[in-house]
Amino acid sequence: MDHPFDCLVIGAGMAGAICARELAERGRKKVLVLERRNHVGGNAYDCFDQTGVLIHQYGPHIFHTNDKRVFDFLSRFTHWRSYEHQVVANIPSQEGRLELPVPFNLISMEVVFGKEKAASLAKRLIAAYGREKKVTILELRQNPDPDIADLARYVYEHVFVHYTMKQWGQRPEEIDPNTTARVPVFLSEDSRYFQDVYQGMPQEGYTPMFEKLLDHPDITLELGTDAEKRLTLEEARVLLDGRPFHGTVIYTGAADELFSCKYGRLPYRTLDFRFETHPADFWQSHGTVNYTVDQDYTRITEFKYLTGQELPGVTTIMKEYSRAYTGAEGEVPYYAIINEENNALYGRYKAEADRFPQLHLLGRLAEYKYYNMDAIAARALALCDDLLK
Ligand code: FAD
Ligand code: UDP
């Protein structure tokens, strides 16, 4: 008996949900989606906790993009609440704890050095790089001007080195430079974390957006189903439930797991999240506060800032603790550790996958990349353009 589906999508996160929708709607395909977790949305999943606060179970997710196609596409499945994320670094000082905008900007400079010194530093920086320019900390550390070098040392020490050690177990100069470049020194008074044209949060939350994305008569969704138990890759054949499957397969899980980690595990960082509920309207000053000098956790997020939920007298915060991923039951691989050696290992799994012309690896896990949601959405739309040509 032939399978009743034209396409198989593994994972119901951003990559899988968009592909399923596009293939079903634009391609008129019958699509089976298998999701290991008991919910949709991948790491962008949100839900209400016991006290009724809307939380992000797998870390704070703020939507931002310059890609109109992505924004317009997702806007079919959600209204947006306008939200521009702001982050501060909370650091100890002689006068008690200071809070400075991150990315470190002209306002952060005033908080640290006072108006006069900050103005003179700003002048030199703007002469060197230009107003409203973004300069990575690694670039700034190369500047020979002694005053700029002092500033670079301050920022490195108070914003980057300890946070990066906590997050990656390595120093900023040892990790992929694109990672710290995500949070450059910004020669501006703009204290938003992102400068994208479109920024916001799904009005009702991410999960309802994903549910709408997947709500199509030609999409069959099976939750709590690990593809490992249903899918077999042998020689150049794909089997679904033991029978040959000839349709398109889009796999959005970890590439090593697809091949039983036969070349060894791809290294990742995982996170432990600790949630706390407090009897207050708000608990901290901003949506996210980064602990860039001390504490074992990297940052604390207070969800009510992000979601705009109005719920007096109660608020939930979340602390993030980073550590090496071991592959143990229940652990989630959150961040690929991008370097030459790991990319080469990934390349071996990708080459295995390429032996199956019907199989496509797509997503933050499957491509072993540090992608934001909008980048994944753009890649999912582009892959479907190709498949539906
Ligand atoms: P995922 O969301 O990981 O989805 C993959 C899905 O596949 C999962 O649901 C998984 O259970 C399922 N799966 C895996 N293997 C199998 C299998 N064998 N069988 C069945 N199902 C399987 N991006 C932003 O744009 N803004 C942010 O503020 C932001 N914050 C983030 C914070 C944290 C802590 C993290 C970790 C990421 C953040 N991101 C953010 C990135 C965002 O999470 C990703 O870009 C996005 O979720 C990637 O979607 P995806 O579909 O590729 O992967
Ligand atoms: N970073 C840092 N201090 C900060 C913020 C970021 O050192 O206050 C570095 C750190 O290495 C981090 C990277 O910049 O992993 C990227 O930060 P981002 O906030 O983009 O990380 P994400 O939200 O993806 O965890």
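These numbers were taken from a predicted model, which means no experiment stands behind them. Just follow the structure's listing: the first ligand is 1, and inside any ligand the first atom is 1.
Atom 6 (C) of ligand 1 has as its closest protein heavy atom E35 OE1, 3.6 Å. Regarding atom 2 (C) of ligand 2, its nearest protein heavy-atom neighbour is Y163 CD2, 3.4 Å. Regarding atom 5 (C) of ligand 2, its nearest protein heavy-atom neighbour is N290 ND2, 3.5 Å. With hydrogens left out, the protein atom closest to atom 22 (C) of ligand 1 is R36 CB, 3.8 Å, a heavy atom. Protein heavy atom in closest approach to atom 13 (C) of ligand 2: T179 O, 3.5 Å. The protein heavy-atom contact nearest to atom 3 (O) of ligand 1 is N43 ND2, 3.5 Å. With hydrogens left out, the protein atom closest to atom 17 (C) of ligand 1 is D226 OD1, 3.5 Å, a heavy atom. If you check which protein heavy atom lies closest to atom 13 (N) of ligand 1, you get G11 CA, 4.2 Å. Scanning all protein heavy atoms for the shortest distance to atom 19 (N) of ligand 1 gives A227 N, 2.9 Å. In this structure, atom 11 (O) of ligand 2 lies nearest to the protein heavy atom T164 OG1, 2.9 Å. In terms of protein heavy-atom proximity, atom 28 (O) of ligand 1 is closest to I62 N, 2.7 Å. Scanning the protein heavy atoms around atom 15 (O) of ligand 2, the nearest turns out to be W168 NE1, 2.8 Å. Remark: minimum distance from atom 25 (O) of ligand 1 to any protein heavy atom is reached at M373 N, 2.8 Å.
Between R364 and ligand 1, at least one pair of N/O atoms sits closer than 3.5 Å. Considering backbone and side-chain atoms alike, D374 places every N or O at 3.5 Å or more from each N or O of ligand 1. The shortest N or O to N or O distance between L365 and ligand 1 is not under 3.5 Å. For H61, a nitrogen or oxygen atom sits less than 3.5 Å from a nitrogen or oxygen atom of ligand 1, counting backbone and side chain alike. When only interatomic distances are considered, the shortest N/O to N/O separation between A12 and ligand 1 does not fall below 3.5 Å. Polar contact with ligand 1: present for P60 (N/O pair, distance under 3.5 Å). Note: no N/O pair closer than 3.5 Å links Y335 and ligand 1 by distance alone. Taking distance alone, with nitrogen or oxygen atoms compared against 3.5 Å, E257 stays at or beyond that limit from ligand 1. For ligand 1, none of its N or O atoms has an N or O atom of G16 under 3.5 Å away. In terms of N/O distances under 3.5 Å, ligand 1 is not approached by L271.
Using modelled atom types and a 3.5 Å distance limit, the side chains of E157 and H162 yield a donor-acceptor pair. For the residue pair D196 / T65, no side-chain donor-acceptor distance below 3.5 Å is found, with atom types taken as modelled. Of the N and O atoms on the side chains of Q199 and Y193, not one donor lies less than 3.5 Å from an acceptor on the other residue. When only modelled atom types and interatomic distance are considered, S75 and W80 share a side-chain donor-acceptor pair under 3.5 Å. H360 and T248 form no side-chain donor-acceptor contact under 3.5 Å, judged by distance and modelled atom types alone.
With a 4.0 Å cut-off on non-hydrogen atoms, T225 touches ligand 1 through its backbone and not its side chain. Residue-level proximity to ligand 2 for T292 is carried by the side chain, the only part with a heavy atom below 4.0 angstrom. With a 4.0 Å heavy-atom cut-off, ligand 2 is reached by the side chain of R299 but not by its N, CA, C or O.
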Evaluation steps, side-chain hydrogen bond (donor to acceptor under 3.5 Å, both in side chains), between N43 and R364: CA-CA 10 Å; N43 288 339; R364 175 154 155 145; over 6 Å; no
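The atoms of ligand 2 that sit less than 4.0 Å from any heavy atom of Y370 are 16 (C), 21 (O), 22 (P), 24 (O), 25 (O). For ligand 2 and Q167, the ligand atoms under 4.0 Å from any heavy atom of the residue are 15 (O). Near Y335, with a cut-off below 4.0 Å to any heavy atom, the atoms of ligand 2 are 22 (P), 24 (O), 25 (O). Each of the following atoms of ligand 2 lies closer than 4.0 Å to a heavy atom of Y193: 5 (C), 18 (P), 19 (O). Taking every heavy atom of V159 and a limit of under 4.0 angstrom, the matching atoms of ligand 2 come to 2 (C), 3 (N), 4 (C), 7 (O), 8 (O).
In this structure, the side chain of Y251 engages the main chain of A254 through a donor-acceptor pair within 3.5 Å.
Considering R97, H286, Q295, R299 in turn, R97 is the only one that fulfils the side chain to side chain donor-acceptor pair (under 3.5 Å) rule with N90.
Ranked by closest heavy atom to atom 44 (C) of ligand 1, the top entry among Y268, Y206, Y370, Y371 is Y371.
Annotation: E310, atom CD; neighbour count of heavy atoms from other residues, nucleotides and ligands within 6.0 Å does not exceed 12.
Residue contacts with ligand 1: F63 is excluded, as none of its non-hydrogen atoms falls under 4.0 Å.
Between M201 and Y206 there is a side-chain heavy-atom pair separated by less than 4.5 Å.
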